[in-house]
Amino acid sequence: MKKQKVCFTLRRYNQGYAKYIIAKRDYSFEDGLMATLLLDDLIFHHNKQTIDQAIDQAITSGDEHAFQQLSAKYRHYFLD
């Protein structure tokens, strides 16, 4: 299991002396990968829903140019 290290450097005053305090937090590669995949899935569904709504709006308004542009973007959100 590979660990990734995240380091935060905070400037704090400790008893009148300016010192750097380093706070470290380790998390596993699997946790980072799971978080990345979850965020990717959420963003994918949000973007698809937004484009769906914009396409519906373009159809109801009769804007063919906007429909063509949105359909080109929407092509990335489905598999043939």
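What's counted below: heavy atoms across the whole structure, side chains too, no hydrogens, waters or symmetry copies.
L42 shares a hydrophobic cluster with L38; the chain of contacts runs through ILVMFWY side chains whose heavy atoms sit under 4.5 Å apart.
Distance CD1/I55 to OG1/T60: 12.0 Å, rounded to 0.5 Å.
Every residue meeting the side chain to side chain contact (heavy atoms under 4.5 Å, CB included) condition with Q68, not counting sequence neighbours, appears here in chain and number order: E64, S71. Judged as a side chain to side chain contact (heavy atoms under 4.5 Å, CB included), and not counting sequence neighbours, the contacts of H65 are D63, Q69. Taking L39 as the reference, nothing meets the side chain to side chain contact (heavy atoms under 4.5 Å, CB included) condition, with sequence neighbours excluded.
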May I have the list of side-chain donor-acceptor pairs in residues 43-53 shorter than 3.5 Å, sequence neighbours left out?
residue: H45; atom: NE2; partner: D41; partner atom: OD1; Å: 3.2
residue: N47; atom: ND2; partner: I43; partner atom: O; Å: 3.4
residue: T50; atom: OG1; partner: H46; partner atom: O; Å: 2.8

